[in-house]
Participant: 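Following this message is one structure expressed as structure tokens.
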Amino acid sequence: MSRIVVHGLEKSYGDARVLERVNVTAEAGEFLSLVGASGCGKSTFLRILLGQEQQSGGVVVVGDQPIVPQPTPQRGIVFQRYSVFPHLTALQNLLLVEDFRSGGPFGRVFGVKRRNARQEADTMLERVGLAHARDLYPASLSGGMQQRLAIAQTLLGRPQILLLDEPFGALDPGIRVEMHELLTELWSEHGMTVVMVTHDISEAFKLGTRLLVFDKVRHDPQFPSAYGATITYDLKLDRKSRASARDVAKVAAMVGTTRLDSANATAAS
Amino acid sequence: MSRIVVHGLEKSYGDARVLERVNVTAEAGEFLSLVGASGCGKSTFLRILLGQEQQSGGVVVVGDQPIVPQPTPQRGIVFQRYSVFPHLTALQNLLLVEDFRSGGPFGRVFGVKRRNARQEADTMLERVGLAHARDLYPASLSGGMQQRLAIAQTLLGRPQILLLDEPFGALDPGIRVEMHELLTELWSEHGMTVVMVTHDISEAFKLGTRLLVFDKVRHDPQFPSAYGATITYDLKLDRKSRASARDVAKVAAMVGTTRLDSANATAAS
Amino acid sequence: AAPKKDFKICWSIYVGWMPWGYLSDSGIMKKWADKYGINVEITRINDYVESINQYTAGGFDGCSMTNMDALSIPAGGGVDTTALIVGDFSNGNDAVILKDKAALKDIAGQKVNLVELSVSHYLLARALDTVGLVEKDIAVVNTSDADMVAAYGTSDVTSVVTWNPLVSEIVAMPGAHKVFDSAQIPGEIIDLMVVNTETLKDNPALGKALVGAWYEAMALMTSGTPEGKAAKEEMAKASGTDLAGFDAQLASTAMFFEPVKAVDFTNGAELPKTMDLVRNFLFSHGILGTNAPSVDVIGMSFADGSTLGDAKNVKLRFDPAYMALAAAGTL
Amino acid sequence: MNAVPEGGAEVPRAPRRRPRLRLINATVSRGGALFLGALPFAAVAVAYLFASAQRLAVNPSDKLLPSPAQMWSAFLDLATVPDKRSGDLILWADTFASLVRLFAGVGVATLAALCLGVAIGFIPRVRAFLLPFVTVVCVIPPLAMLPILFIALGLGETAKITLIALGVAPVMVRDIANRVMELPPELVAKAQTLGANSWTMVLRLVLPQVTPRLITCVRLALGPAWLFLIAAEAIASTEGLGYRIFLVRRYLSMDVILPYVAWITLLAVITDWLLVRLSHVISPWAHPVQDK
Amino acid sequence: MNAVPEGGAEVPRAPRRRPRLRLINATVSRGGALFLGALPFAAVAVAYLFASAQRLAVNPSDKLLPSPAQMWSAFLDLATVPDKRSGDLILWADTFASLVRLFAGVGVATLAALCLGVAIGFIPRVRAFLLPFVTVVCVIPPLAMLPILFIALGLGETAKITLIALGVAPVMVRDIANRVMELPPELVAKAQTLGANSWTMVLRLVLPQVTPRLITCVRLALGPAWLFLIAAEAIASTEGLGYRIFLVRRYLSMDVILPYVAWITLLAVITDWLLVRLSHVISPWAHPVQDK
Ligand SMILES: Nc1ncnc2c1ncn2[C@@H]1O[C@H](COP(=O)(O)OP(=O)(O)OP(=O)(O)O)[C@@H](O)[C@H]1O
Ligand SMILES: Nc1ncnc2c1ncn2[C@@H]1O[C@H](COP(=O)(O)OP(=O)(O)OP(=O)(O)O)[C@@H](O)[C@H]1O
Ligand SMILES: [Mg+2]
Ligand SMILES: [Mg+2]
């Protein structure tokens with residue numbers, strides 16, 4: 001539904017440059033898998049796309065408009081450190097989506113709309129396997145359950161652009177497969193553009209239509225934060241056919257070896 | 001160094017039973033990999049072993065003593081939701097370990113001891129690839145970097161029993177392998193008993209000397225929290241030889257299919 | 001100001017002013033106000049200084065206060081004020097009390113706790129005069145009246161100057177000696193009901209109603225009837241004590257129960273002399289304004305038409321006309 | 001491979017005696033808590049009785065530390081003997097008058113804290129506009145402004161309620177604003193991705209999140225509120241707990257003052273307890289059940 | 001497969017005008033913040049000037065709302081003309097005396113808040129022992145207990161400092177205790193696994209974590225502290241800012257009171273600002289740099 005154009009993106013925190021010269025165009029409906037070394041700036045990239053943080057330089061266009069530095073319902077996010085609303089039960093967390101969407105003076109819907117929202121929420125709770133935990137507060141949920149709740153909440157929002165930061169990291173293999181199916185289903189149904197960060201290379205291959213690797217190309221051993229990461233690898237994937245083990249291994253090696261931190265550690269030792 | 005004996009362990013929160021009839025004995029120096037469905041009680045089990053929470057029933061013996069309901073330096077933990085001390089920089093977080101260990105009226109060490117501690121901390125920072133981030137506060141670290149810092153801190157404490165709750169979930173494949181090596185090295189050096197929860201079955205096979213699967217054996221579709229999980233599968237592993245793909249698939253299927261939540265979801269729909 | 005119908009006066013708790021509360025509760029005030037076709041609302045303000053401030057700021061048309069405060073606050077603040085009723089003067093109600101010392105001379109070199117710049121301060125200055133001391137010979141410590149009794153109980157405090165009912169409370173404590181009191185300077189600490197001059201000029205009915213009501217209460221108090229006793233009991237209760245305590249306080253107050261006496265006192269030759277002492281005290285303590293050029297900045301006028309201070313800036317007027325009406329029984 | 005749960009060969013015994021725990025982990029039983037909590041009160045009571053007996057032995061008419069019997073009889077008088085003038089039971093009339101003022105004042109302050117605090121904490125423009133002013137107002141001693149307050153508002157109930165509200169509101173406003181600024185930015189971002197606008201975020205995110213803190217704020221503000229109530233009643237009023245204390249203070253009637261203070265304390269403790277319960281009811285999520 | 005970064009075919013343009021942001025996201029520029037922040041002060045100043053001019057037109061020697069010129073000259077007098085009696089410059093002598101009392105009182109209260117607050121928040125036994133007592137003490141109006149305070153401590157500086165400390169400490173103690181109880185249990189557990197005992201945890205975990213809150217507490221307490229200072233100086237003293245205000249209140253010298261209140265406010269604002277700086281220096285981690 002919405003394309004994303006990133007051109008010459010830069011991001012620094014004080015002296016430390018995190019991202020530099022990031023150029024990428026994602027057509028509407030693409031599913032971008034992002035991989036890269038820990039700490040290279042993937043979450044930062046998502047936060048910029050979300051509008052939660054502002055880039056230091058470059059242009060980001062979402063849809064037809066240059067990005068506005070604030071989150072909008074056009075873009076949905078699942079944060080790396082799962083965050084749901086602690087003052088609401090699982091069910092209430094999902095009902096909140098319709099309440100927020102409808103706006104209104106009370107920030108909640110009533111009557112038929114509420115019943116519909118409730119049904120939808122219940123369906124979603126079952127799909128992510130939280131039906132039995134509908135009336136628990138997040139503090140009483142396990143890590144994986146909170147993560148699933150966060151995913152469910154974001155998916156209920158039906159964003160045009162979906163930003164996912166290691167969404168399935170805390171899930172067991174079984175539920176992870178189910179969540180893959182759920183995501184794929186919604187994706188093909190609504191055709192939203194997805195940007196997903198993951199550390200699981202086969203997951204990246206399995207879900208994405210395109211795989212991006214973030215890494216540093218320049219490196220200063222004395223002052224490792226002088227240069228930022230950029231996109232070093234951009235691979236079109238065929239979602240139908242399974243990725244070859246060779247490809248997976250190749251990407252894994254890429255993420256594993258050119259990683260800044262270890263390079264730095266090696267340089268220093 | 002210390003064996004763990006768990007007998008007839010039960011844990012309920014209010015009406016909801018999380019664990020029941022858990023029996024397991026871990027000899028000193030064993031490396032237990034724990035897998036199980038999301039929300040089945042693995043973290044709860046670790047919290048009980050740690051002494052942060054008290055069991056509702058049964059006996060837990062660590063070393064020769066029934067467990068005291070408080071954490072001690074005998075046992076180290078890496079929490080699922082990485083927690084380091086937010087008021088200390090990466091380096092200070094590691095120095096704190098020696099400060100706490102030595103006790104003393106000021107809660108910090110001075111002189112030679114401090115220099116040694118500093119050296120040790122620096123070495124550890126390099127080993128986990130955080131040398132360049134030594135003076136950053138946790139708020140400025142990425143998720144994976146915080147996780148590595150938490151692991152480094154716990155390892156520096158040299159506990160006799162090491163409790164790890166999805167320690168490598170937020171790490172990229174490259175650093176994950178390095179962390180595996182680091183852990184294995186320290187384990188064989190100090191021979192501590194390790195209990196590690198993970199959702200990565202091949203990681204469980206790779207690192208553990210024994211693999212435990214948590215799951216529910218009894219199930220009430222009307223009231224899913226009536227019964228708790230227990231250990232349904234207990235497998236001795238050979239760390240030297242690589243696990244067969246068949247074994248991995250078998251365990252993965254186990255975690256994937258008998259999972260309570262989906263069972264419940266299916267039952268309800 | 002144009003003539004109006006509704007008036008507000010305020011008073012605070014002090015033995016000589018307790019009748020004001022009774023007037024309002026018993027309906028006497030309403031009776032007199034109705035007679036002259038006006039409404040008078042009587043409000044009690046617990047804090048004495050606050051009541052004067054409220055009057056000065058224009059919140060009330062009349063207020064009970066001492067002659068000294070009438071000169072320093074409303075008159076000093078440019079509010080032309082008339083002393084409508086001269087109710088009493090302190091005749092022992094204010095006193096200098098020493099702990100474990102029996103002579104006023106012994107006060108030299110001590111710390112003296114009192115409400116600074118109040119009539120106590122004035123009393124102390126007059127007391128020091130009588131033994132040839134000056135304020136430099138002692139050290140004044142400002143102490144709030146509410147805390148005076150408790151303060152006297154501490155070992156830090158060796159001498160206090162204060163008023164009733166605090167005096168009787170303190171004198172009852174061990175070691176307390178009253179070494180000087182207002183009975184030794186009779187007629188200098190005068191308790192008044194003052195009203196805004198302009199308001200009074202435009203509304204003589206206010207003056208008549210207040211004076212009429214006041215002297216009805218005075219008559220009741222001295223009547224010796226059960227009603228009179230009941231009235232005094234109520235006043236006692238309202239001031240937080242009982243009849244005996246109230247009578248004891250009355251004993252050291254020279255009340256002008258008959259209007260004639262008040263008129264005589266106001267016409268007397270002593271009053272201008274007293275006011276001269278007072279204004280000199282105020283001026284030397286900087287209370288007439290931090291940049292008052294001389295003691296004459298504020299003018300006062302007396303019953304005989306004589307003035308003291310700046311005759312062009314008369315702000316405090318002693319006018320027995322209304323009390324004279326009461327004395328003549330023509331109200 | 002064996003699928004049978006292991007263990008059971010040697011069954012460990014349950015611990016015989018309670019293990020020694022670190023200070024911070026040693027929990028206290030219900031009874032123990034009651035006992036420990038009562039100790040300081042008992043100590044104060046004993047100290048008072050001792051000092052009082054000593055002073056009364058020296059001077060039987062000492063007023064500073066009256067005996068419990070004296071206080072009780074004075075208190076009973078106030079609570080049960082109707083006032084001759086008005087026919088009221090003084091204690092209850094005073095209590096009613098004071099509580100009305102107190103709750104009105106604190107209520108206004110709470111409302112202000114909620115509206116202003118949320119606006120200042122949540123909306124940068126309002127923050128830039130009002131925070132400096134509130135910070136400055138916060139430190140102006142209200143008692144010094146009393147004359148102006150009374151002249152502007154008269155001497156009626158309005159002025160008293162305003163004094164209480166002005167006295168406690170600024171601290172509450174700043175505290176609530178701080179809390180709102182401490183809200184995790186992830187939650188705010190997430191709400192916006194779900195289509196929330198500023199107003200719905202206030203309703204559904206900010207208010208519920210600050211409610212427990214607001215109640216704590218009110219609990220903390222009640223102490224100063226009583227203080228301002230007493231100060232206000234000391235200046236202008238004809239009934240009220242503070243007025244009564246003011247009235248008898250010049251006679252050093254501690255036999256009335258002390259029971260009144262105890263009574264105020266009791267009322268305040270009950271209010272505090274009710275607020276804690278309220279917080280549990282409104283925001284159960286903020287009070288997880290301890291299962292230690 | 002291509003390893004060359006993509007994009008660049010069509011270079012998007014930078015936005016021309018500032019986009020309209022939601023209320024809560026619209027940040028304020030430095031200049032804008034200054035302007036907005038100054039508005040309420042300007043409004044108050046204008047309102048005052050207007051009211052003052054009006055009253056003075058009616059009665060030129062009106063004392064309630066003096067003109068700025070009158071206040072300035074009165075203030076200059078106090079600040080530069082030595083007092084006839086003592087030879088002191090009154091303003092500075094008052095300021096010095098008051099600040100010593102204020103800081104001593106707040107210092108004692110802060111120390112108490114730190115020690116008691118941490119102990120109550122961290123150690124269940126101490127909590128059971130002291131929390132009920134502190135909760136009750138918190139609501140006893142200190143002014144009502146003054147007589148007893150005097151007798152115990154005399155009328156000197158000790159009593160004044162104690163009054164200030166007693167006035168502000170209970171709220172601070174409860175607040176710090178609350179904060180300590182809110183510490184994430186994971187951090188406490190982790191510290192214990194690293195070998196910390198209760199004491200070292202207090203030193204290295206609890207103290208650093210509550211320091212920013214403690215400073216906030218002190219900032220919030222300074223308002224009430226000034227109040228108690230003024231109340232304390234009203235009791236018995238010979239110099240001090242509160243003493244002067246009470247003294248000249250006797251003749252409604254608002255030309256002295258208002259500059260004094262403004263001076264107190266200025267001192268308080270400076271203190272507040274210094275405390276904020278201190279918090280940034282001591283606890284940089286609690287004040288992440290905003291990069292919006
Ligand atoms: N404080 C609590 N109150 C009530 N229920 C709780 C509480 N803590 C945990 N639970 C419940 O206990 C069950 C187990 O939680 P636990 O965190 O141990 O799961 P887990 O196996 O670690 O899951 P995950 O893999 O998702 O981390 C969950 O169903 C959760 O709802
Ligand atoms: N607020 C901040 N101030 C300073 N540096 C920051 C801040 N936030 C992030 N960084 C730095 O930016 C870099 C990238 O962080 P980011 O969270 O984007 O990494 P990531 O790629 O998501 O890593 P991970 O896989 O571990 O989550 C890190 O080196 C981090 O130290
Ligand atoms: Mg990240
Ligand atoms: Mg878990």
Side-chain angles (χ1 to χ4, degrees), chain B residues 43 46-47 49-53 68-90 92-109 135-141 149-150 153-163 165, chain E residues 114-115 117-119 121-128 176 179-217 276-292:
Chain B
S43 299
L46 285 197
R47 278 201 299 272
L49 288 186
L50 176 65
Q52 200 195 357
E53 263 177 52
V68 174
Q70 71 178 358
T72 65
Q74 178 196 29
R75 289 156 281 166
I77 187 145
V78 173
F79 285 106
Q80 180 169 6
R81 206 158 171 169
Y82 33 89
S83 44
V84 285
F85 297 96
H87 60 283
L88 298 175
T89 63
Q92 289 167 343
N93 257 292
L94 296 192
L95 286 179
L96 188 66
V97 177
E98 182 58 33
D99 288 342
F100 272 155
R101 186 175 11 231
S102 303
F106 303 107
R108 77 189 289 144
V109 293
D135 294 325
L136 294 183
Y137 287 104
S140 305
L141 299 181
L149 185 58
Q153 196 176 39
T154 303
L155 291 179
L156 262 191
R158 295 238 172 67
Q160 295 168 29
I161 291 170
L162 183 59
L163 308 170
D165 200 350
Chain E
L114 204 58
C115 300
V118 168
F122 207 45
I123 304 173
R125 283 201 193 119
V126 178
R127 178 152 63 240
I176 294 296
R179 271 293 156 129
V180 174
M181 284 189 267
E182 282 172 16
L183 279 182
E186 283 82 18
L187 291 187
V188 179
K190 179 112 187 214
Q192 296 182 66
T193 65
L194 295 176
N197 55 37
S198 299
W199 171 242
T200 49
M201 262 186 281
V202 166
L203 277 188
R204 302 299 311 275
L205 170 61
V206 181
L207 284 189
Q209 290 261 348
V210 298
T211 302
R213 181 65 200 172
L214 185 72
I215 293 181
T216 306
C217 260
V276 173
R277 298 299 329 144
L278 184 73
S279 186
H280 274 87
V281 170
I282 299 187
S283 312
W285 58 275
H287 307 273
V289 197
Q290 299 288 324
D291 64 289
K292 270 216 175 166

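Worth saying up front: this structure is predicted, and the values here are computed from it rather than measured. Each chain gets a letter, A, B and so on, in the order the sequences are listed, and its residues count up from 1.
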Participant: Please classify the contact of Y137(B) with chain E as side chain, backbone, both or neither, using a heavy-atom distance under 4.5 Å.
Facilitator: side chain
Participant: For I77(B), is it the side chain, the backbone, both, or neither that has a heavy atom closer than 4.5 Å to a heavy atom of chain E?
Facilitator: both
Participant: Side chain from CB out, backbone as N, CA, C, O: work out which of these in R47(B) comes under 4.5 Å of a heavy atom of chain E, or both, or neither.
Facilitator: neither
Participant: If you take all heavy atoms of F79(B) and A189(E), which pair is closest and at what distance?
Facilitator: CZ-CB, 4.1 Å
Participant: For R125(E), look at atom CZ and say whether over 12 heavy atoms of other residues, nucleotides or ligands are found less than 6.0 Å away.
Facilitator: no
Participant: Heavy-atom pairs under 4.5 Å with chain B: which of N197(E), T211(E), T200(E), V188(E) has the most?
Facilitator: T200(E)
Participant: For P185(E), is it the side chain, the backbone, both, or neither that has a heavy atom closer than 4.5 Å to a heavy atom of chain B?
Facilitator: both
Participant: To the nearest 0.5 Å, how far apart are NZ in K190(E) and CG in N93(B)?
Facilitator: 7.5 Å
Participant: Taking side chain as everything from C-beta outward and backbone as N, CA, C, O, which of these in Q153(B) sits under 4.5 Å from a heavy atom of chain E? Side chain, backbone, both or neither.
Facilitator: both
Participant: Locate the shortest heavy-atom distance separating P71(B) from T193(E); write the atom from each residue and the value.
Facilitator: CB-CG2, 3.9 Å
Participant: I'd like to check Q209(E) versus P86(B) (side-chain heavy atoms, cut-off strictly below 4.5 Å). Are they in contact?
Facilitator: yes
Participant: How close do F100(B) and A191(E) get, heavy atom to heavy atom, and via which atoms?
Facilitator: CE1-CB, 3.8 Å
Participant: If I measure from the heavy atoms of chain B, does L203(E) come under 4.5 Å with its side chain, its backbone, both, or neither?
Facilitator: side chain
Participant: For A286(E), which atoms come within 4.5 Å of any heavy atom of chain B: side chain, backbone, both, or neither?
Facilitator: neither
Participant: Checking the side chain of H87(B) only, and the main-chain atoms of R204(E) only, is there a donor and an acceptor separated by less than 3.5 Å?
Facilitator: yes
Participant: Check for a donor-acceptor pair, side chain of W199(E) on one end and backbone N or O of P105(B) on the other, with a separation under 3.5 Å.
Facilitator: yes
Participant: Can you tell me which of P284(E), P184(E), S283(E) forms the most heavy-atom pairs within a distance under 4.5 Å of chain B?
Facilitator: P284(E)
